[in-house]
Amino acid sequence: MANDQLEFFATCPQGFEHILADELKRLRAQSVRPLKGGVAFFGTKVDGYRACLWSRIASRVLRVMGRVEAYSAEALYEGVKALPWATVVGDGATIAVTARGTNDALRNTQFAGLKVKDAVCDRLREARGKRPDVQPQRPDVPIWVSIHGKKATVSIDYAGESLHRRGYRVPGENVEAPLKEALAAGMLVWGGWDRVAAPALRRAKAERAGADGSVEAPVFVDPACGSGTLVLEAAMMATDRAPGLSRDYWGFEGCADFDADEFDDLLADADERFERGLEDAPRLFGFDIDSQAVGIARGNARRLGLSKLVTFGCADCADLPVGLHQNGIELDQRGFIAINPPYGMRLLAHGLDGFYEHLSQGLRELPDSWSMTVITPDADFDGSVGFEAQRTLSVYNGAIEATLRSYRLGHSNIIEVPLVTLEGAEVKVAVTSDHALQFAARLRKMAKARRKWARKNKVHAYRVYDADLPDYAVAVDVFEEQGSGDMNLLITEYQAPKEIDPAKATRRFRDACTVAPVLLGVPEERLFTRVRRQAKGGSQYRREEHISHRIIVEEAGHPFELDLSGYLDTGLFLDHRITRGMVGEMAADKRFLNLFAYTGTATVYAAVGGAASTTTVDMSQTYLDWAKRNMKNAGFTGRQHQFVRADVLSWIEQAAEEESGRYDLVFLDPPTFSNSKTMGERTWDIQRDHAELLRLVRRLLAPGGTIVFSGNLRSFKLDEVKVRACGLGIEDVTAKTIPEDFSRNPRIHFCCLLTDLRG
């Protein structure tokens with residue numbers, strides 16, 4: 001290694017290490033070695049300047065000063081002090097220290113940074129007779145220390161501040177959750193935009209072909225551009241504009257060995273390359289439905305000197321072909337699409353599913369001369385837009401796990417199929433497979449029969465489809481609002497069998513969500529979805545966050561409040577409709593107890609049935625409040641109706657001691673499993689623990705009293721020996737309590753009447 005060679009480490013977004021390594025090699029770096037979170041390399045100080053000025057993917061470029069012991073604060077201090085700071089920190093230059101990482105001896109990064117700062121200042125005072133000033137913001141020489149184990153790496157941050165700051169943004173002016181520039185650039189390089197758009201490469205291709213000028217680059221489009229990050233990064237690549245050309249602050253300028261002439265030469269060369277790149281630049285477009293974001297994007301382009309090159313417009317991505325045609329772009333030419341679709345905080349007003357539908361519509365008209373690169377955390381993206389990724393790369397967008405996905409357009413999986421609605425109208429819907437017609441045929445048949453049954457029996461909330469076809473493992477429930485009769489639809493996806501490809505299952509779910517509302521005549525705004533899948537971390541189901549949508553639905557004349565989008569369940573278990581009616585019939589003059597009461601629907605039936613008193617117990621205040629509203633809506637607000645918030649298992653144990661024989665009728669519908677933190681170290685398993693629970697609940701019964709015991713564990717088996725041993729008679733009434741709309745699956749729940757034999 002030559003004497004003028006320095007050690008550097010360039011950081012980057014996780015997943016982009018090899019892409020950054022290739023870029024640094026093109027920037028003349030030596031001994032390039034990709035590591036986790038960055039790339040180590042060697043070069044001269046000028047190579048360091050060049051990396052800062054030209055790297056599109058690096059977040060920082062750190063000049064490594066040395067590695068020191070960090071097993072204690074004193075060891076760190078002595079190691080840092082021994083480094084040759086007078087040769088690096090310019091006379092009169094200000095400093096600041098940033099510490100990262102901890103160990104057993106150095107648990108606080110501020111303390112570690114203070115020790116490093118003291119070491120540097122003490123060394124410079126010994127060398128120069130004075131300490132350097134500390135300036136936290138934009139110091140002349142920013143110092144970084146990274147602690148890992150018992151060692152610390154000490155560096156000068158040549159960039160000064162993160163390289164993703166290209167210098168064109170106005171502070172405070174931004175869109176929600178923007179894509180950082182370095183990550184956007186890495187995404188474009190991975191997708192190949194730099195290879196088809198870089199001026200030098202296009203000129204070289206033309207020379208090899210014996211032509212003058214340069215090869216024409218594809219049209220670039222971002223159909224959901226936000227503040228224009230991807231478009232502007234693409235434009236800088238297409239014009240050979242150094243990403244650091246507009247920056248006014250560098251961490252290397254305060255170094256004692258800073259070579260201003262060399263850096264001026266780099267800047268002059270960058271200016272010249274940019275001027276030449278502007279001469280033969282491609283067309284670049286950014287569209288977004290947010291007019292404010294489009295305005296910000298235009299301002300950013302203006303400050304970069306690219307406003308004449310890029311076009312930003314306010315448009316829906318469904319109208320992408322129209323927008324291109326209006327700007328003089330023929331669809332049969334080459335095109336490159338890059339997009340960071342909305343997710344999480346970036347959900348658009350019409351929702352993520354609506355955005356995907358619009359995006360898919362806009363992309364389907366583009367031919368196979370168009371390619372697309374996407375960054376998304378959504379594993380279902382392919383099925384959502386109707387294209388299969390040709391290759392992928394796992395990366396991180398900040399703390400979010402995401403994937404880069406590359407596509408060749410022109411061959412969408414989305415097809416239009418004919419459909420006959422329940423009312424007999426002929427329509428067409430866009431789905432991913434013609435197998436959706438089988439689902440539509442089955443749904444139409446069942447919905448027609450169930451609607452007739454529901455109207456005859458005055459049922460306003462019912463199931464019309466329950467995974468009837470193995471390929472479409474969904475449930476479709478109908479909810480008719482009290483008063484208006486407006487129909488709402490809830491489609492729930494069940495966990496697909498392991499042998500089913502998850503991506504295929506997701507596409508089928510989306511097809512079901514497309515077909516069902518059209519077939520049943522339900523507007524899009526009254527379609528709601530749930531995903532029931534075994535989740536990591538012990539929770540039984542995964543639930544996405546939704547905004548509440550509350551309606552009132554009648555059942556047997558009783559008004560119940562439902563929430564179709566705010567909770568995992570709606571507030572009304574449809575399969576317990578007959579069970580609730582049975583409770584009401586048994587409740588006359590009885591002291592009624594509802595355990596694990598949920599929203600208190602069984603309590604309403606008991607009260608309507610003439611119960612002398614009711615007690616409703618649940619550990620959720622949200623559900624208890626909901627139960628109170630249901631009771632109030634049904635006209636019951638007296639003191640004889642009590643609501644108790646408690647860990648139900650603990651409450652039963654205590655009540656069995658204090659309130660023995662108090663209740664005549666108990667409704668007991670416990671969860672299948674629970675490890676709620678309110679239970680402490682205990683867990684609940686209905687198969688394992690039901691016999692002991694019933695023994696305790698039996699003590700709450702008056703002589704001759706009855707427990708209505710139900711649950712949804714399909715493999716449940718009552719321990720009849722133990723149940724009878726505690727003095728309870730058993731009558732299995734499961735078959736009698738399965739409603740018509742759940743008759744296809746008689747194991748949807750179990751239900752037993754357990755009677756105290758003392759009576």
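The model shown is predicted, which means the values in this text are computed figures rather than measured ones. Starting from 1, each residue takes its place in the sequence as its number.
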Salt bridge (charged side-chain N to carboxylate O under 4.0 Å, His left out) between R273 and D269, intermediate numbers included: CA-CA 6 Å; R273 288 170 60 172; D269 177 65; 3.8 Å; yes
Could you go step by step and tell me if S246 and R241 meet the side-chain hydrogen bond (donor to acceptor under 3.5 Å, both in side chains) rule? CA-CA 10 Å; S246 296; R241 188 190 196 283; 2.6 Å; yes
I need the minimum non-hydrogen distance between W193 and A234, along with the two atoms involved. NE1-O, 3.0 Å
Counting only heavy atoms not in R128, do more than 12 sit closer than 6.0 Å to its CZ atom? yes
More than 12 heavy atoms of other residues, nucleotides or ligands under 6.0 Å from CZ of R138: is that the case? yes
To check you understand the geometry: which heavy-atom pair defines the closest contact between W85 and I156, and what is its length? CZ3-CD1, 3.7 Å
Stacked cation flag R391 on W190, 6.0 angstrom / 45 deg: yes
Is it the case that over 12 heavy atoms from other parts of the model lie below 6.0 angstrom from the CZ atom of R107? no
CG of L284 to CD of E233: how many Å apart, nearest 0.5 Å? 12.0 Å
Inter-residue atom distance L183.CG - L230.CG, 0.5 Å rounding: 9.0 Å
Test item: F9 and S155 side chains (from C-beta on) under 4.5 Å apart, heavy atoms: no
Pairwise side-chain contact, C12 with E17, heavy-atom cut-off 4.5 Å (strictly under): yes
Taking the side chain from Y249 and the backbone from P139, do they hold a donor-acceptor pair closer than 3.5 Å? yes
Salt bridge (charged side-chain N to carboxylate O under 4.0 Å, His left out) between E388 and R507, intermediate numbers included: CA-CA 12 Å; E388 296 288 340; R507 289 196 294 271; 3.3 Å; yes
Look at the side chain of D157 and the backbone N and O of G251, then say whether any donor-acceptor pair between them is shorter than 3.5 Å. no
Lys/Arg cation over aromatic Y77: K115, 6.0 Å, 45° cone: yes
Kindly indicate, with the supporting measurements, whether the criterion salt bridge (charged side-chain N to carboxylate O under 4.0 Å, His left out) is fulfilled by R125 and D122. CA-CA 5 Å; R125 181 179 56 188; D122 290 348; 3.3 Å; yes
Distance (rounded to the nearest 0.5 Å) between T239 OG1 and F274 CZ: 4.5 Å
With a 4.5 Å cut-off on side-chain heavy atoms, are V221 and W370 touching? yes
Mind checking the CD-NZ spacing from E262 to K45? Nearest 0.5 Å is all I need. 8.0 Å
Count the heavy atoms of every other residue, nucleotide or ligand shown that sit under 6.0 Å from CD of E272, and state whether that count exceeds 12. no
Check: I19 and L393 side chains under 4.5 Å, non-hydrogen atoms: yes
Derivation of the salt bridge (charged side-chain N to carboxylate O under 4.0 Å, His left out) call for D240 and R203: CA-CA 12 Å; D240 206 14; R203 286 193 290 268; 5.1 Å; no
Counting only heavy atoms not in E126, do more than 12 sit closer than 6.0 Å to its CD atom? yes
For F312, is there any backbone N or O sitting under 3.5 Å from a side-chain donor or acceptor partner on R298? yes
Counting only heavy atoms not in R408 (residues, nucleotides, ligands), do more than 12 fall under 6.0 Å from its CZ? yes
pair V189-F16: side-chain heavy atoms closer than 4.5 Å: no
Around atom NZ of K130, are there more than 12 heavy atoms from other residues, nucleotides or ligands closer than 6.0 Å? no
Got a sec: does the OH of Y71 have more than 12 other heavy atoms crowding it under 6.0 Å? no
Closest approach of A217 to P282 (non-hydrogen atoms, all atoms of both residues): CB-CB, 3.7 Å
Heavy atoms only: give me the nearest E161-R247 pair and the separation to one decimal. O-NH2, 3.2 Å
Determine the interplanar angle of the F41 and F8 rings, folded into 0 to 90°, and report it as parallel if under 30°, tilted if 30 to 60°, perpendicular if over 60°. parallel
Side-chain heavy atoms of L404 within contact of V374, under 4.5 Å: no
Do Y356 and D378 pair up side chain to side chain, a donor and an acceptor below 3.5 Å, judged on atom types alone? yes
Looking at R202 and A197, would you say the former's side chain and the latter's main chain have a donor-acceptor pair under 3.5 Å? yes
Could you tell me whether the side chains of R169 and T229 share a donor-acceptor contact shorter than 3.5 Å? yes
Give a yes or no on whether the backbone of R28 and the side-chain of Q30 come within a donor-acceptor separation of less than 3.5 Å. yes
Would you name the heavy atoms of T44 and L6 that are closest together and state the gap between them? C-CD1, 4.4 Å
Using modelled atom types and a 3.5 Å cut-off, is there a donor and acceptor pairing between side-chain atoms of E23 and backbone atoms of R56? yes
Do Y158 and Y49 have side chains that approach each other closer than 4.5 Å (heavy atoms only, starting at C-beta)? yes
Here the pair of heavy atoms bringing V145 nearest to A152 is CG2-CB, 3.9 Å
Measuring from atom CG of L232 to atom CZ of R303, what distance do you get when rounded to the nearest 0.5 angstrom? 10.0 Å
Taking the basic N atoms (NZ, or NE/NH1/NH2) and the acidic carboxylate oxygens, is any pair closer than 4.0 Å for R63 and E7? no
Side-chain heavy atoms of S162 within contact of R60, under 4.5 Å: yes
Rounded at 0.5 Å granularity, tell me how far CE in M236 sits from CG in L188. 10.0 Å
